[in-house]
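Structure first, then comments.
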Amino acid sequence: MFSFFGEHEYMPCEECGASVHHAARETHVCNEERRLDFQRFRQIRSEIARFEDEFTRYLRTPEGRFHAWYAERDRRRAA
Amino acid sequence: MADASKRLVRRLIDEAYNDGRLDVVDELFVPDAVVHDPALQHDVAGVNAIKEMIGGFRRAFPDFVVLVDDQVAEGDRVALRWTARGTHQGDLWGIAATGKEITITGTSLYRFAIGRIAESWTNWDTIGLMQQLGVVPPFARV
Ligand SMILES: [Zn+2]
């Protein structure tokens, strides 16, 4: 009987990022080294995303807009 | 001839895709070879563009490995059923690295001319890749 579960047969483990077949999902055990690497990677990515958000917000403030203008003038003078 | 063609396709997989030795593309393809892949929007024409395509995948998935599940040859054609796995560590079509390991399958057909690959057609599980990367959500049950 054909059934459609709507999710791929392989999905990355939420904890360690390893590609796990649906039949092995219950028995999958994370490799500790891989799990730490993946968690560290995710943390760095979220820190970069937060920094980019804050930086973009700063560039919209009056102070940020002047800063960007001075930086662009300095770049033009250097060129 | 069919066996020689099969060997060339195996070299493409082992040396170019799996080892990242892109210079073998010059040896395996005719200079104006064309790769058809609906996931790539445009045909990939010429050995330099083919190298760039394979290199792009390997930058996104540096540990990318393709395993050949089935290989059949007849006349000037070689057909391949494959499974690939890799960890998303670099930008892929604007999707920033997720660190997730993905497994995808596909089929490719290669046409040979004067002992080299002249054309190929590939269809692979792009939507499965996007699901595994978390770019598209699992579909609702219908
Ligand atoms: Zn895991």
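So you know, we letter chains A, B, ... as the sequences are listed, proteins then strands, and number each from 1.
The contact list for residues 80-107 of chain B toward chain A, using heavy atoms and a distance under 4.5 Å, reads B:Arg85, B:Thr87, B:Ala96, B:Ala97, B:Thr98, B:Gly99, B:Lys100, B:Glu101, B:Ile102, B:Thr103 by residue number. Contact annotation for residues 53-75 of chain B against chain A (heavy-atom separation below 4.5 Å): no residues qualify.
Crowding of A:His67 atom NE2: a count of heavy atoms from other residues, nucleotides or ligands under 6.0 Å not exceeding 12. Counted within 6.0 Å of CD on A:Glu47, heavy atoms from surrounding residues, nucleotides or ligands total more than 12; the atom is thus considered enclosed.
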Task: Audit row: B:Tyr110, B:Leu8, side chain to side chain contact (heavy atoms under 4.5 Å, CB included) steps and yes/no - done: CA-CA 10 Å; B:Tyr110 296 88; B:Leu8 287 192; over 6 Å; no
- [ ] Run the numbers on A:His8 and B:Gln132 for side chain to side chain donor-acceptor pair (under 3.5 Å), then give the verdict.
- [x] CA-CA 7 Å; A:His8 197 266; B:Gln132 292 170 73; 3.3 Å; yes
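With salt bridges taken as basic N to acidic carboxylate O contacts below 4.0 Å, one links B:Lys51 and B:Asp26.
A pairwise comparison of heavy atoms in B:Arg11 and B:Glu27 identifies NH1-OE2, 3.0 Å as the closest pair. What you find for B:Phe112 and B:Ser5 is that their closest heavy atoms are CZ-O, 3.3 Å.
Under the 4.5 Å side-chain criterion, counting only non-hydrogen atoms from C-beta, A:Met11 is in contact with A:Arg25.
A:Phe55 and A:Phe51 have parallel rings, their planes meeting at less than 30° on a 0 to 90° scale where 60° marks the start of perpendicular.
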